[in-house]
Structures are given as structure tokens and as C-alpha cells.
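Worth knowing before you read on, the calculation uses all heavy atoms, side chains too, and leaves out hydrogens, waters and symmetry mates. So that the names make sense, note that chain A is the first sequence line, chain B the second, and so on, each numbered from 1. Just so it is clear, the model here is predicted, and its values are computed rather than measured.
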Protein chains: 2
Amino acid sequence: MPDGSKTDRPRTRIQQRNRDLIAEAALEVFSTHGFRGATLDNIASEAGLSKPNLLYYFPSKEAIHTQLLSTLMDTWLDPLRALDAQGDPITELLAYVERKLEISRLYPRESRLFANEIVQGAPRMLTSLEGELKDLVDEKVAIIRDWADQGKIAKVHPYHLIFSIWSLTQHYADFDVQVRAVLGGEEPFDEAPAYLREVFLKLLTP
Amino acid sequence: MPDGSKTDRPRTRIQQRNRDLIAEAALEVFSTHGFRGATLDNIASEAGLSKPNLLYYFPSKEAIHTQLLSTLMDTWLDPLRALDAQGDPITELLAYVERKLEISRLYPRESRLFANEIVQGAPRMLTSLEGELKDLVDEKVAIIRDWADQGKIAKVHPYHLIFSIWSLTQHYADFDVQVRAVLGGEEPFDEAPAYLREVFLKLLTP
DNA sequence: GTCTATAAATAGATAGAC
DNA sequence: GTCTATCTATTTATAGAC
């Protein structure tokens, strides 16, 4: 009797497929227009479903948004989770920068989804920021502080170091139109990896 | 006959005062909720005026937003304009960073107003980005490139250098809630100036 | 110049047939 | 499970009295 129930949400294949369609459409629309700017009409037509059908799968617009944020939260935190206290400090931190930048390149919508939410004061995400996010950062800050104390990297403020990694890498996703407007034809991600590597190598070298 | 008419918009004292009240209220509301999230009701009550009275002074919600963006565009560009080709290169660039950070501290709403607009693809600002902004950046990039060619600063990609200054300084305004959530009680602007100075000093020193 | 009342459009959500 | 039709609330904008 192989069935795989009991996992709570997804049941049939068609349900799973439609939930996925909705999540994908919602990501597209929420990341481009923010929560208020997005409409169920937009999301429905992007998903190729009718508006009432959307609300058959999710109880409300808010529920779609919330589910999206919490699903993607893990993806968002993974690169920092991977920072390894046992590895070589400079290598670990540069690899973290590289991962974050690669995520901005490959998943700009996810980055903008969070950016929209946070710029507006994170009304639907504040507890996650003060909980999961802060806990993870505190844990990694302790590692970075040890590295600095042992003279393995330069003595930099560990929290602000992390802010600067977020800021510099996510900028290429969140402010993509501005970056491209200023660069004209040049592709941002051609030069960004080497540039950011240089920034953090110079900063972190003791 | 001293009167000061002919300047086109503001006439009486009361008109000027109400236009200012509306601009201030609109900045507050648009910067917190974005264009779609803001309502005329919010803006009106924030300004202490009735909704129809708002529309006596401005033809539409869009017009308020547009006027706000174009008024603040100059303030936004001024710190970069002040970059002086005749000054000492490192001093000039560090002073630019300091000015931008100070603006994030003193005028976070203005920063978030632009952030909201740009994250969503700058639908009402794209021409400004491709015009005024790109022109100014191109001009200053030429200066930075000269400095690098003359060996007065390290050889860094000038466009990405500017992106990194924007990104690192505006982060403290745009992502303020996140920064504060992670820091717990610590005041971001206590450490940020010294941290950013260190980042750019290390990066730019030849 | 400012207000109350209201029109017109949009958007989130529900009813009920199939 | 999916659709059409519709309800209700919100929101932009206007009319018209004062």
C-alpha cells in the first residue's frame, strides 16, 4: 500500500501540480509588484488558472504570500548555513560571497520578493528576522569573531561584514534595472564576481 | 510691486503650505508602503487634509508620486555630483561614502522611496535612470578611471565601485528593520561609518 | 479652498452549477 | 476540481454645496 499520505498538504498529482503552478506564478507577481501591487487576477492568469480556482488551493492572497515566504526562507539562509567553522577562514568567506552572488544571478525574483517585504518594514516577516535569521547570524558571527581573534582574518566587525556581503550581492538582483541602466550594454555578472572577490579579499586579509 | 508670481506652481502662502504638507505625508506613506500600497486616504490623514482636498492640489495619486520622485532626484544625486576631480582621490571617494551613509541615516524615507520603485522595475523612473543618473555616473566614472590609470587609487572597476558604495550605504536605510533585527539592541550607525571607511580604504589603496 | 456625498472601477472572496 | 456569476469592501476620482 504505497501512498505517501500523512504529510499533510499535497495529495493527488494534479493538486501538487497546481500548487506548484500557483507558487511559481505568485513568485513572479509578488516579486515584481510587492504584496499590495500583486492581484489575484495577475497571479491566476500567470498560473493559467481561474481566480476562484486559486482560492480553492489557498484560503486567501495573504496565505499564498506567507507560504511563499516561509518556503523560500530556507533557500535564503542555506548559503550562510554552509559557512564551515572547520574550513579555511578566507576561503570560507569568499565562497560564501560567491554563493550569494550566484544566487542573485540565478534567483533574482526570490531576492526581490524578500527585498519588497523588508523595505516596507517586513510586516509579514519580522518574527522570522528576529528569530531564525538572527539565530543563524549570531551563530556564524561567533565563528567569524574567533577567526578574527586568532588572527586568521582581519579584525572586522562581524555583523557589518555579513551586512556588507548581503548588501553587495543582493544589490545585483534587487536593483537590477538600475545597474543595467547605468552600465548600458555591459552584463553586470561578467565583472561582479571578480570585483567582489577583490573587495573581500582585501578587506579580510590580516 | 513685489510679488514673486510667474514661477508657475505655488501662489498663496496657504497653497505652498498645503503642497508641503502633502509632499511630506506622501513621502512618509509611499516610502513605507510603495506606490500601490499607499492610499489617498493614508496620505490625506497623514497630511491632516481631506481626500478631495488632496486632489485639489494634485490631479491624481500618480501625480503626487511623480512630483515627489523628481523633486527628490536631485537630493539623491547631489553627493555624487560633489565628487571633485581636483581633490585627493582617496579623500574624495571616502568623503562620498561618508556623505551617502549620512544621508541614509538622516533621510531613510527618501532612500526607501527610491528602493521601492527600483526593486519593482522602476516603472515610473526608468527614463531618469537611463538619462540623468547614467550621465552623471558616466562623468564620474571617467574621473575615477583617470585616478586609477595614474596609480592614485587601486585599479578597480569604476562602475562596480559606485554600485558598491550605493549598495553598502543605502542598505542601512532600505533594510533598516533587518539590520536592527539582527543586531538586537546595537545602533547600526555607531559602527557603520568606521566599518565602511575601512572597507573602502583597503579597497582603494594602491 | 474645503467639505460631504457619490460615482466608477478594481480587487478579494464566496455561491453554486457542472 | 473548475468554472461563471456575484457579493462586498476598498480605492481613485468627481460633483456640487458652502
> Any side-chain N or O of B/Thr12 under 4.0 Å from OP1/OP2 of C/dG1?
Replying inline: yes
>> Whole angstroms only, please: what is the CD1-C1' distance between A/Ile22 and C/dG12?
In response: 15 Å
> Under 4.0 Å between a side-chain N/O of A/Arg36 and OP1 or OP2 of D/dT11, yes or no?
Replying inline: yes
> Of the nucleotides C/dC3, D/dA13, C/dG1, which has the atom closest to the B/Leu55 side chain?
Replying inline: D/dA13
> Would you call the rings of B/Phe163 and B/His160 parallel, tilted or perpendicular, where under 30° means parallel and over 60° means perpendicular?
Replying inline: perpendicular
> Would you say a side-chain N or O of B/Ser50 is under 4.0 Å from OP1 or OP2 of C/dC3?
Replying inline: yes
> With respect to the phosphate group of D/dG1, does any side-chain polar atom (N or O) of A/Tyr56 fall under 4.0 Å of OP1 or OP2?
Replying inline: yes
> Is any side-chain heavy atom of B/Arg105 less than 4.5 Å from a side-chain heavy atom of B/Glu102?
Replying inline: yes
>> Between C1' on D/dT11 and CZ on B/Phe30, what's the gap in Å once rounded to a whole number?
In response: 13 Å
> Could you state the CD1-C1' distance from B/Ile14 to C/dG1, rounded to the nearest angstrom?
Replying inline: 7 Å
> A/Leu54 has an atom CG; how far is it from atom P of D/dT4, in whole Å?
Replying inline: 14 Å
>> Nearest to the side chain of B/Lys51, heavy atoms from C-beta on, is which of C/dT2, D/dG1, D/dA13?
In response: D/dA13
> Roughly how many Å is it from CG in A/Leu21 to C1' in D/dT2, rounded to a whole number?
Replying inline: 14 Å
> Between A/Asn42 and C/dA11, does any side-chain N or O lie under 4.0 Å from OP1 or OP2?
Replying inline: no
> Looking for any heavy atom pair under 4.0 Å, which part of the strands does B/Ala63 touch: base, sugar-phosphate only, or nothing?
Replying inline: nothing
> Between B/Phe58 (CZ) and C/dT2 (P), how many Å, whole number?
Replying inline: 13 Å
>> From C-beta outward on B/Pro52, which listed nucleotide comes closest to its side chain: D/dT2, C/dA5, C/dG1?
In response: C/dA5
>> Is the ring pair A/Phe30/A/Phe35 parallel, tilted or perpendicular, if the boundaries are 30 and 60 degrees?
In response: parallel
> For A/Leu40, which contact category applies under a 4.0 Å heavy-atom criterion: base, sugar-phosphate, or nothing?
Replying inline: sugar-phosphate
> When you measure from the side chain of B/Lys100 to the backbone N and O of B/Ile165, does any donor-acceptor pair fall under 3.5 Å?
Replying inline: no
>> Can you measure B/Asp41 atom CG to D/dA9 atom P for me and round it to whole angstrom units?
In response: 16 Å
>> Output the rounded distance in Å from CD1 (B/Ile43) to P (D/dA13).
In response: 11 Å
> Taking only side-chain nitrogens and oxygens of B/Asn53, does any of them come within less than 4.0 Å of OP1 or OP2 of C/dG1?
Replying inline: no
> Does A/Arg109 reach the main-chain N or O of A/Leu27 with its side chain, forming a donor-acceptor pair under 3.5 Å?
Replying inline: no
>> Using a heavy-atom cut-off of 4.0 Å across all strands, would you classify B/Ala38 as base, sugar-phosphate, or nothing?
In response: sugar-phosphate
